[in-house]
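Every chain is numbered from 1, with letters handed out A, B, ... down the list of sequences. This structure is a prediction, so every number in the text was calculated from the model and none was measured.
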Number of protein chains: 2
Amino acid sequence: MARGSAGRSALSRHLRVLGAFGPLTGDLTLSEIAAAAALPLSTAHRLVAELAEEGLLEPVGDRRYRPGLRLWELATRTPGAAGLRELARPWMGVVHARLRQHIQLGVLSGHDVLFIERLSAPDAVVNATLIGARIALPLSSSGLVLLAHAPEALLDEVAAGHWSRPTARAIADARELRARVADARRDGYAVLDGAIHEASRGIAVPVIDSTGRVHAALGAVVPIDETPVRPAIELLTVAAAGIARSLEATAGGAAARPGRPLRPLLATSRATLAYFEELGVDTVLELRAHDD
Amino acid sequence: MARGSAGRSALSRHLRVLGAFGPLTGDLTLSEIAAAAALPLSTAHRLVAELAEEGLLEPVGDRRYRPGLRLWELATRTPGAAGLRELARPWMGVVHARLRQHIQLGVLSGHDVLFIERLSAPDAVVNATLIGARIALPLSSSGLVLLAHAPEALLDEVAAGHWSRPTARAIADARELRARVADARRDGYAVLDGAIHEASRGIAVPVIDSTGRVHAALGAVVPIDETPVRPAIELLTVAAAGIARSLEATAGGAAARPGRPLRPLLATSRATLAYFEELGVDTVLELRAHDD
DNA sequence: GCGATCCTTCCATTCAACGGAAGGTCGGGT
DNA sequence: ACCCGACCTTCCGTTGAATGGAAGGATCGC
């Protein structure tokens, strides 16, 4: 590198540039990117050009950029996100059809829940969740569930840290957080009222496989005191078990085969399944139709 | 850099590593990655460690890696893929409900169609398409449609190049390709029989906005001579127009506002819409429920 | 026409990336 | 118990790719 050279690896600066695009960010100009990424303009200029060259950014009009196709294409190979999402959707659909409220799936990422999928309804309550966005663990019922099943060290870290409190009912301190997490651990679910918005109640259960590993939290956001909680928990629990089974069918199925494990295919027709087997693709599982 | 140093920018080597994971690839070990990316082992070792550090790869078990959450999270901000997909799904659902065959959405990427979304049915015909995978332009009806509306230079390039011919009915040469593309340009749709598999017929129409820009191709894969073609084309055309309108409502709507354009939100409840407006998020459009 | 804003190019400096080689670790075969 | 082969990890001297300040353009608004 050169000059005082600041940062860490080259990779981290490329990511700083991509990180300039947040969940609510629109197309950005070069200087907006430079500012958001805290990079010198000439450096940003070069990085943006490289990223655009590789298709990770794409030019829009003649002065703006947005994240590009290649990024999405690569992300498609993310079993922990894209894969889990695809596999969970049918189960989420079942819950959604009954509850007609927000149904969402979140995974643990750092000190946040990263939301991977959400089904909504026009008349559902307020819900700050966006697909691809994060909520601090203590602010969400999904977060409590994930925390309940994470290594103790994570709870210690989070409890020691700070979190915003959008409403007065949000969990206030480490003591309360630990109590709520203990509840979630004991009950196998979490209910959290008005933590982000006064009117909303979160209900979440873990997606937990037969080895005890927790892959995600499946949650609903419902109006407080309108939707009966008990039946919702039961619906969510059944769906979470279904998701866990689907996960094991793919991951386990693929890993169990000798030879190179291939990503199992989902959601395709029987005829297509036969086609891929003919092509010599080792592991192809048909789970269920994508959309039914 | 150092030593003979081979390649291009640092970015390109990181991408070579990520590129080792294909649409059908499972979790890979370090040496598999090194081999697939054609990188020296020690280099691959360092790159993989960096990528894992940043969450672009995640360790699985104790010797394998897979693409990580952060990659998916960043890809979430891709209006041309993730955004288009979300926005198109309701329209695709309408077509799917009628045809009960594969319905798919593809965008132009290099000399391929990159498929972004697909709805299937258990009894649908053979279909090689995978979400996140590519098909060469001349092999797919969606490809013909995209080629028909792309700059002439692209057609020249593709026609001059080579493509595989999985079946005897696949387009054979540049002459035939140009003729089929001309048809697609004239008709506003493309029908292609048995190009990838003997039993399957592709039907595709462009998603074309009011400025004439083509954003994607919307297609169906149906059994040859079973599904009436004309009504399918009409269904697809209506849906494509719907997608185009949704696109303009978001992109146009956001871009038209003064101040920083924000990514419009989709698929949320009315109450949530109000919530975001209150928070000062400039541009929030509610289009329709995510799942209905 | 003039200033402000944003983008592009240039280039001397220098340190982060490179990768061959050597040393571990692990497991399976005998 | 021992060896062997397959992987993975660490070390480190070399060097050219990345860096970013500065200067020069392009464009827009007033």
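- At D:dG20, one or more side-chain N or O atoms of A:Thr43 fall inside 4.0 Å of OP1 or OP2 (strictly under the cut-off).
- Here C:dC7 is the nucleotide among D:dA18, C:dC7, C:dC18 with the atom lying nearest to any side-chain atom of A:Leu30.
- Set against D:dG21, C:dG20, C:dC6, the side chain of A:Pro40 has D:dG21 as its closest nucleotide.
- Proximity of a side-chain donor or acceptor of B:Arg66 to a complementary backbone N or O of B:Glu58 within less than 3.5 Å is not detected.
- Nearest-nucleotide positions on DNA chain D place B:Ser31 closer to the 5' end than the other of A:Glu50 and B:Ser31.
- Atom CD1 of B:Ile33 is separated from atom P of D:dC7 by 14 Å (rounded to the nearest Å).
- A:Leu28 has its CG atom 15 Å from the C1' atom of C:dC6, to the nearest Å.
- Atom CG in B:Leu47 sits roughly 15 Å away from atom C1' in D:dC8 (whole-Å rounding).
- At distances below 3.5 Å, at least one donor-acceptor pair connects side-chain atoms of B:Glu32 with backbone N or O atoms of B:Thr29.
- Nucleic acid contact class of B:Arg63 (heavy atoms, under 4.0 Å, all strands): sugar-phosphate only.
- To the nearest angstrom, C1' of C:dA17 lies 13 Å from NE2 of A:His14.
- With rounding to whole Å, B:His45 atom NE2 is found 18 Å from C:dA22 atom P.
- Across all strands shown, B:Leu41 has heavy atoms under 4.0 Å from base atoms, whether or not it also approaches the sugar-phosphate.
- Rounding to whole angstrom units, CZ of residue B:Arg46 and P of C:dC15 are separated by 18 Å.
- Considering only the side chain of A:Arg13, D:dT19 comes nearest among C:dG20, D:dA18, D:dT19.
- Between A:Arg16 and B:Glu54 there is no salt bridge, since none of the side-chain N atoms of the basic residue sits less than 4.0 Å from a carboxylate O of the acidic one.
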Pair A:Arg77, B:Thr25 - check side chain to side chain donor-acceptor pair (under 3.5 Å), show working. CA-CA 8 Å; A:Arg77 281 116 218 213; B:Thr25 315; over 6 Å; no
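- One atom, CZ of B:Arg64, and another, P of D:dC7, lie 10 Å apart when rounded to the nearest Å.
- Here the nucleotide nearest the side chain of B:Ser42, chosen from D:dC8, C:dT9, C:dG19, is C:dG19.
- Distance CG (A:Leu11) to P (D:dT19): 12 Å, rounded to an integer number of Å.
- For B:Arg13 and A:Glu50, the salt-bridge test fails: no basic side-chain N is under 4.0 Å from an acidic carboxylate O.
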